Q: 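Quick one: the structure is below, and I'll ask about it shortly.
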Amino acid sequence: MGKVRVRFAPSPTGYLHVGGARTVLFNWLFTRHAGGSLILRIEDTDVERSSETSADAIIDSMEWLGLDWDEGPIVGGDYGPYFQSQRLDIYRKYADKLVKSGRAYPCYCTSEELSEARKVAMSQGRPPGYSGRCRGLSPEERRSLEAEGRSPALRFKVNEGQTIVKDLTRNEVVFGNEYIGDFVILKSDGYPTYNFAVVVDDALMEITHVIRADEHLPNTPKQIMIYKALGFELPEFAHVSMILGKDKTKLSKRHGATSITQYRDLGYLPDALINYLALLGWAYDDEQQIFSREELIEKFTLDKVSKNPAVFDSDKLLWMNGHYIRETNDDTLIDYALDHLIKANLVSPRPTPEELIKVRAVVVILKERIRTISDIVTQGDFFFTEDIVYDKKAFDKFLTRDYVPEIFQVLKSRFEAVDSLDKEIAEKIIRGYAKESKRKAGEIIHPLRVALTGRSVSPGIFEIIEILGKDTCVKRIGLVLTEL
Ligand code: GLU
């Protein structure tokens, strides 16, 4: 075989969701492993449901995930156009070929007539596929139907027998042709149907491997018939299993975030998603969970793709994201964190040098504790705002203790007395005062933590004091004092 050529062929009718991302990832890994090409083709022939915005959103998500393509929108290529809506004359040409060879014929049935015929067939226990009503029309009959103002669709003539799909993930699947009625390849408005356009394009774009979701398996026999009727060479097929939610139903919005954009906005890292998505239906062995991109490319083969449904486990993804956050260098994390902090209005759109220093310090101290980048906002907001929301439980538990006003008075004045507060000085003041007042350090630290952060759980208090700085600490202690 020549060079491997695979494609990702999304219909631009929404965002790139987890399932689509897994499909493009498997294609990408397969072709990068083989030194082949990935073709991105936008299947926008459903005029009502397709939009440019969706195509852009899908492209954006692929770029964000770092899944690059060798031919398609933006990059171009020798097999274009890569938008199906720009290939209508090509489909027309191949449809005409099928008409000439007697494998396709015009069908004049209206949608009302078709749904009526379906109802009758079902009530008689026959398969609801097309009856073949227009198959044997004479030229005169056609002319008279056209004279009625009917414009025909083109239907593919399905021969008797069976069609075998050789699938790389599930061996042979046999389909009885009697269950596949003659199907439309070109609609009366001149647009091709999915099953037709996909074959013409995959053949002309010299796709060697069609790797896609297994919901398309029932379409594959139709496509194989068209390949054969047009004299095209068949590609290899690999249908990858469904993705289910934890409750074992098909993954959907009910299970939480499903689009890649949502994961980006929630603060997931592209590398974590790539690693996680790779494991949805593929495993190298039973052990290894963490794979770098390079390792995935090296190890990915289709024989390790499972035909069983994969279960999407958002807790595992969250765990994995935490792992990747800890592996990411500080500068990269700071860039991600800035995005989230700016969106949350906690840092100015053009951060000042002071803000940048603070963001760095906050990222370093939270890095071990967060699982998404947006946790920086939820766990670290108190570093950036004076509007601290005091957790009521924490307030009641630690700040209403009777000794608190007294220790806060002392701390406030001792903090005020130093030139600047770094973590060593803060520790010295607090531990010294604990000793002197015969209290456990915790009795001082817990209330102080609530006063400075608004909550009872946080990173180390001395580091927090250093990042907040003397003035802010003094101000916050003073504020709590006035409220007690
Ligand atoms: N446009 C189809 C889809 O998004 C492509 C299916 C295929 O890969 O053949 O489901």
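For the numbers below, each heavy atom of this structure counts, side chains included, while hydrogens, waters and symmetry mates do not. Here the structure is a predicted model, which is why all the values come from computation and not from measurement. Each residue takes its place number in the sequence, starting with 1. Just follow the structure's listing: the first ligand is 1, and inside any ligand the first atom is 1.
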Q: Can you tell me which residues line ligand 1 if we count any heavy atom under 4.0 angstrom from one of its atoms, in chain and number order?
A: Arg7, Ala9, Pro10, Ser11, Glu43, Tyr194, Val198, Arg212, His216
Q: Phe312 ring centre to Lys246 NZ or CZ under 6.0 Å, with the angle to the axis within 45°?
A: no
Q: Keeping to residues at least two apart or across chains, list the salt bridge (charged side-chain N to carboxylate O under 4.0 Å, His left out) pairs with something in residues 6-29.
A: Arg7-Asp202
Q: Any ion pair linking Asp247 and Arg254 (charged N to carboxylate O, less than 4.0 Å)?
A: yes
Q: Do Val347 and Phe384 have side chains that get closer than 4.5 Å, going by heavy atoms?
A: yes
Q: Establish, yes or no, whether a centroid distance under 6.0 Å links the rings of His209 and Phe237.
A: no
Q: Quick one: SG on Cys107 to CZ on Arg155, what's the gap to the nearest 0.5 Å?
A: 4.0 Å
